[in-house]
Amino acid sequence: MPEQQPFIREDAGAALVRKLLHTREARRLLGSILPEVLNVYAGQSRVRRFAARVAGKHLSRSLSRPGDVFQEREIEKLLSDETFIREVVRFLPEMADSLLNLAATATATIDGLETGAKKELLGDLVARMSSGQTGGLITRGCRIVNDIHTDDPEFFTRVLEPGLRKWIESVDFGELKEAVDHSAGDVRAFVAMANSVLWEYPAKVVMILSLLPSVVNMLAESLDISLNRLNELPPDLLTDVVLSLVQDIDARPLSRLINELAEAARKIHTGSALLGEPGSPRLPWVMSGKIDEVVDHVDPVVLWKARMALAETGATVNRAMAEAVNRNTELKRLSMRRRPEMANIRVKTFNQSLSWWDGVGDDETAASFSQNLSAYDLQELADAINGVLHIFNRIGDRQPELLPRFIDRFVAAIDDDALAAAASKLFGDADEEAPSPAARAVLPQLVVWAAKVLAPADDAYEDDARQARDALQTLFAAEEV
């Protein structure tokens with residue numbers, strides 16, 4: 001069996017301890033502790049108590065130095081010594097390595113035991129650690145905090161403020177930012193190195209990834225157990241708990257948060273306008289430039305392949321969901337029957353909004369809707385429509401047969417008989433059933449409007465209008481014959 005390394009190297013540990021014990025603070029601490037230790041050792045024996053008292057006084061005098069009266073901070077001087085700090089830094093890894101060696105040796109010994117012995121050993125360890133004292137400790141700590149806050153609600157804030165202020169004043173945030181900025185390359189190199197080493201063992205990578213489903217399963221089972229116990233509550237009690245939680249939420253901080261976020265958004269928009277040129281805010285320009293930089297480095301082929309793959313995956317999931325619903329007769333029946341109820345809820349909400357306007361005066365309603373409609377940028381909307389029309393005309397000029405062929409293919413794919421039957425069911429037979437009042441109210445107005453549009457006029461569209469009038473005349477003449 002290989003020889004175990006010592007827990008602490010004697011020369012290094014002894015040298016550090018010796019230097020610490022020679023400081024005034026350490027000697028003063030020992031001078032106050034050692035006599036008490038001797039008193040505990042003496043117990044009730046008069047002889048031992050006398051000897052302990054004499055020895056304690058001797059130790060206190062021996063540990064004192066004439067220069068101690070100046071109350072110099074010798075530990076601080078020691079920690080300012082570069083040589084001592086170097087020795088401490090060299091000693092800490094050795095101590096940590098020794099602790100790890102002890103832990104490795106202990107776990108190796110436990111691993112070599114039989115299963116029953118392992119269970120007995122760890123069971124006894126856990127049982128001793130799980131004595132419930134932590135619960136009492138937390139309870140007493142909370143009671144202490146509650147008592148303090150009852151007497152002084154801002155006690156901890158007042159006590160912590162000086163230390164926090166000194167900490168903020170002493171930290172150079174410029175150096176902190178520079179350290180973070182300079183660490184970016186090292187962090188990236190570390191991640192690359194870790195991945196390179198890890199992927200040298202693909203089986204272990206697969207095992208690491210296989211942990212994710214196990215974690216998801218554990219979370220799902222934990223939530224299932226918790227929600228199951230929650231659902232054991234009666235409906236009124238569960239609702240009362242939820243309502244109590246909602247009522248305990250203070251709306252004022254939420255309102256202030258919304259106000260501050262809205263004010264921040266307004267200030268950013270205003271600052272963007274102030275920093276930019278007239279009519280050209282700064283923020284959209286900067287965002288546009290940054291988006292251009294990102295897009296310039298994106299592989300469009302791979303991006304669209306990924307989008308198509310995501311779309312196909314979504315369609316597959318939706319199709320699988322639909323197939324699963326259709327296989328479940330009860331679920332399919334309820335889905336068909338209850339889906340309109342959801343639409344009714346949305347319609348009811350919309351009607352409620354309309355009813356609010358119905359209770360407002362005509363002048364206010366007209367003014368509000370006038371402001372609403374006037375707020376739309378009609379020029380931008382018209383430009384969008386004009387752009388679509390220009391593209392449509394350019395395609396028609398370049399390939400005149402493209403759009404008509406597309407429409408012909410679409411129309412040819414429609415079942416004529418089914419369309420005729422649907423139209424017959426939708427509009428009804430005029431000889432057997434009178435037209436609906438809505439149709440009689442709308443259609444005459446459309447005919448009158450169409451007649452006005454097709455009336456002779458001296459403009460660029462007169463030839464088209466005359467062709468339409470000739471077509472109608474030909475149609476009516478054929479009907480009369």
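This chain uses plain numbering: 1 for the first residue, then up along the sequence.
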Colleague: Tell me, do Ile395 and Ile391 make a side-chain contact under 4.5 Å, heavy atoms counted?
Modeller: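 Heavy-atom side-chain distance check passes, below 4.5 Å.
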
Colleague: Which distance, rounded to the nearest 0.5 Å, do you find between the CD of Glu380 and the CG of Leu378?
Modeller: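 Nearest 0.5 Å value for the CD-CG distance: 10.5 Å.
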
Colleague: Taking all non-hydrogen atoms of both residues, which atom of Pro235 and which atom of Thr239 are closest, and how far apart?
Modeller: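 That would be O-OG1, 2.7 Å.
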
Colleague: Between Ser210 and Met207 (side chain of the first, backbone of the second, donor and acceptor by atom type, cut-off under 3.5 Å), is there such a pair?
Modeller: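 Indeed, once roles are kept as given, a pair shorter than 3.5 Å links the two residues.
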
Colleague: In terms of heavy-atom contacts, does CZ of Arg333 have more than 12 from other residues, nucleotides or ligands at under 6.0 Å?
Modeller: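 It does: Arg333 CZ has more than 12 such atoms within range.
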
Colleague: With side chains defined as the heavy atoms from C-beta onward, is the minimum distance between Phe350 and Arg346 less than 4.5 Å?
Modeller: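 Phe350 does not reach Arg346 side chain to side chain.
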
Colleague: Report yes if the side chains of Thr105 and Leu102 come closer than 4.5 Å at any heavy-atom pair, otherwise no.
Modeller: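 A side-chain contact under 4.5 Å is absent here.
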
Colleague: So for atom CD, which belongs to Gln352, do other residues, nucleotides or ligands contribute more than 12 heavy atoms lying within a distance under 6.0 Å?
Modeller: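 Counting neighbours around CD of Gln352, more than 12 heavy atoms of other residues, nucleotides or ligands fall under 6.0 Å, so yes.
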
Colleague: Side-chain contact test, heavy atoms from C-beta onward, threshold under 4.5 Å: evaluate it for Leu381 versus Asp377 and give yes or no.
Modeller: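 No, their side chains stay 4.5 Å or more apart.
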
Colleague: As an exercise, state the distance from CG of Asp152 to CD1 of Ile148, rounded to the nearest 0.5 Å.
Modeller: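 Rounded to the nearest 0.5 Å, the CG-CD1 separation comes to 9.0 Å.
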
Colleague: Report the distance from atom CG of Leu275 to atom CG of Leu283, rounding to the nearest 0.5 Å.
Modeller: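 Those atoms lie 10.0 Å apart.
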
Colleague: Using salt bridge (Lys or Arg N to Asp or Glu O under 4.0 Å) as the criterion, list what pairs up with Glu263, not counting sequence neighbours.
Modeller: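 Partners of Glu263 under the salt bridge (Lys or Arg N to Asp or Glu O under 4.0 Å) test: Arg266.
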
Colleague: Would you name the heavy atoms of Pro340 and Met336 that are closest together and state the gap between them?
Modeller: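 Closest approach of Pro340 to Met336: CD-O, 3.5 Å.
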
Colleague: Has Asp151 got more than 12 heavy atoms of other residues, nucleotides or ligands less than 6.0 Å from its CG?
Modeller: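 Open.
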
Colleague: Got Val301 and Lys305 here, is their nearest side-chain heavy-atom distance under 4.5 Å?
Modeller: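 A side-chain contact under 4.5 Å exists here.
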
Colleague: Please report the shortest heavy-atom distance between Val298 and Val294, naming the atom on each side.
Modeller: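 Result for this residue pair: CG2-O, 3.1 Å.
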
Colleague: Has Asn372 got a side-chain atom pairing as donor or acceptor with Ser368's backbone, closer than 3.5 angstrom?
Modeller: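 No; zero donor-acceptor contacts below 3.5 Å.
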
Colleague: Please check this pair: side chain of Ser374 against backbone of Gln371, looking for a donor-acceptor N/O pair closer than 3.5 Å.
Modeller: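 Yes, the answer is positive, given that a donor and an acceptor are paired below the 3.5 Å cut-off.
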
Colleague: Enter the distance from Glu232:CD to Leu227:CG here, rounded to the nearest 0.5 Å.
Modeller: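 Reported value, rounded in 0.5 Å steps: 11.5 Å.
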
Colleague: Are there over 12 heavy-atom neighbours, none belonging to Asp248, within less than 6.0 Å of that residue's CG?
Modeller: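 More than 12 heavy atoms, drawn from other residues, nucleotides or ligands, come within 6.0 Å of this atom.
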
Colleague: Do Lys290 and Glu293 meet the salt-bridge criterion of a basic N to acidic O distance under 4.0 Å?
Modeller: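 Yes.
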
Colleague: Can you confirm whether the side chains of Asp383 and Gln379 place a donor and an acceptor under 3.5 Å from each other?
Modeller: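 Note: Asp383 and Gln379 side chains meet the donor-acceptor criterion.
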
Colleague: How about Lys118 and Asp111: do any of their side-chain heavy atoms sit closer than 4.5 Å?
Modeller: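 A side-chain contact exists here, since the closest heavy-atom pair is under 4.5 Å.
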
Colleague: Please report the shortest heavy-atom distance between Val205 and Leu198, naming the atom on each side.
Modeller: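 Looking at all heavy atoms of both residues, the shortest contact is CG2-O, 3.5 Å.
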
Colleague: Under 4.0 Å between a side-chain nitrogen and a carboxylate oxygen: does that hold for Asp181 and Lys177?
Modeller: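 Yes, Asp181 and Lys177 are salt-bridged.
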
Colleague: How many angstroms lie between atom CG of Leu334 and atom OG1 of Thr329, to the nearest 0.5 angstrom?
Modeller: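 Result: 11.0 Å between the selected atoms.
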
Colleague: When you measure from the side chain of Asp250 to the backbone of Pro253, do you find a donor-acceptor pair of N or O atoms at a distance under 3.5 Å?
Modeller: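 Looks like no, no N/O pair under 3.5 Å.
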
Colleague: Give the minimum heavy-atom separation between Lys332 and Val325, together with the two atoms involved.
Modeller: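 In this case the closest contact between Lys332 and Val325 is CB-O, 3.6 Å.
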
Colleague: Does NE2 belonging to His269 count more than 12 external heavy atoms closer than 6.0 Å?
Modeller: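 Result for NE2/His269: open.
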
Colleague: Verify, without hydrogens or angle tests, whether Ser272 (side chain) and Ile268 (backbone) share a donor-acceptor contact under 3.5 angstrom.
Modeller: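 No, the answer is negative, given that no donor and acceptor are paired below the 3.5 Å cut-off.
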
Colleague: Can you tell me how far NZ of Lys57 sits from CZ of Arg53, rounded to the nearest 0.5 angstrom?
Modeller: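 Answer for the CZ-NZ pair, Arg53 versus Lys57, is 6.5 Å.
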
Colleague: Quick check on Glu114: does its CD atom have over 12 non-hydrogen neighbours (other residues, nucleotides or ligands) under 6.0 Å away?
Modeller: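 No, not enclosed.
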
Colleague: Strictly distance-based, threshold 3.5 Å: is any side-chain N or O of Asn228 a donor or acceptor partner for the main-chain N or O of Asp224?
Modeller: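 No, because the side chain of Asn228 does not come within donor-acceptor range (under 3.5 Å) of the backbone of Asp224.
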
Colleague: Is it the case that over 12 heavy atoms from other parts of the model lie below 6.0 angstrom from the CD atom of Glu277?
Modeller: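 Not more than 12 within 6.0 Å, no.
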
Colleague: Is the CZ atom of Arg158 crowded by more than 12 outside heavy atoms at less than 6.0 Å?
Modeller: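 Atom CZ in Arg158 is packed in, count exceeds 12.
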
Colleague: Can you check side-chain contact (heavy atoms from CB on, under 4.5 Å) on Leu125 and Leu121, steps first, answer last?
Modeller: CA-CA 6 Å; Leu125 176 63; Leu121 180 62; 5.9 Å; no

Colleague: Any non-hydrogen side-chain atom of Val191 less than 4.5 Å from a side-chain atom of Asn195?
Modeller: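 Result yes, sub-4.5 Å side-chain heavy-atom pair found.
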
Colleague: If I compare all heavy atoms of Trp357 with all of Thr365, which pair ends up nearest, and what's the gap?
Modeller: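 Nearest pair, atom of Trp357 first, then Thr365: O-OG1, 3.7 Å.
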
Colleague: Can you tell me if Asn101 uses its side chain to pair, donor with acceptor, with the backbone of Asp97 under 3.5 Å?
Modeller: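 Side chain of Asn101 to backbone of Asp97, a donor-acceptor pair under 3.5 Å: yes, one is there.
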
Colleague: Which pairs count as ring-ring contact (aromatic ring centres under 6.0 Å, His included) when at least one residue sits in residues 182-239, sequence neighbours excluded?
Modeller: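 Not a single pair qualifies under ring-ring contact (aromatic ring centres under 6.0 Å, His included).
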
Colleague: Between Asn146 and Cys142, is there a donor-acceptor pair closer than 3.5 Å when you use the side chain of the first and the backbone of the second?
Modeller: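 Yes: the side chain of Asn146 pairs with the backbone of Cys142.
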
Colleague: State whether the side chain of Asp124 and the backbone N or O of Glu120 hold a donor-acceptor pair below 3.5 Å, judged by distance alone.
Modeller: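 Checked: no pair found.
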
Colleague: Report yes if the side chains of Val241 and Leu230 come closer than 4.5 Å at any heavy-atom pair, otherwise no.
Modeller: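 Val241 vs Leu230: side chains apart.
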
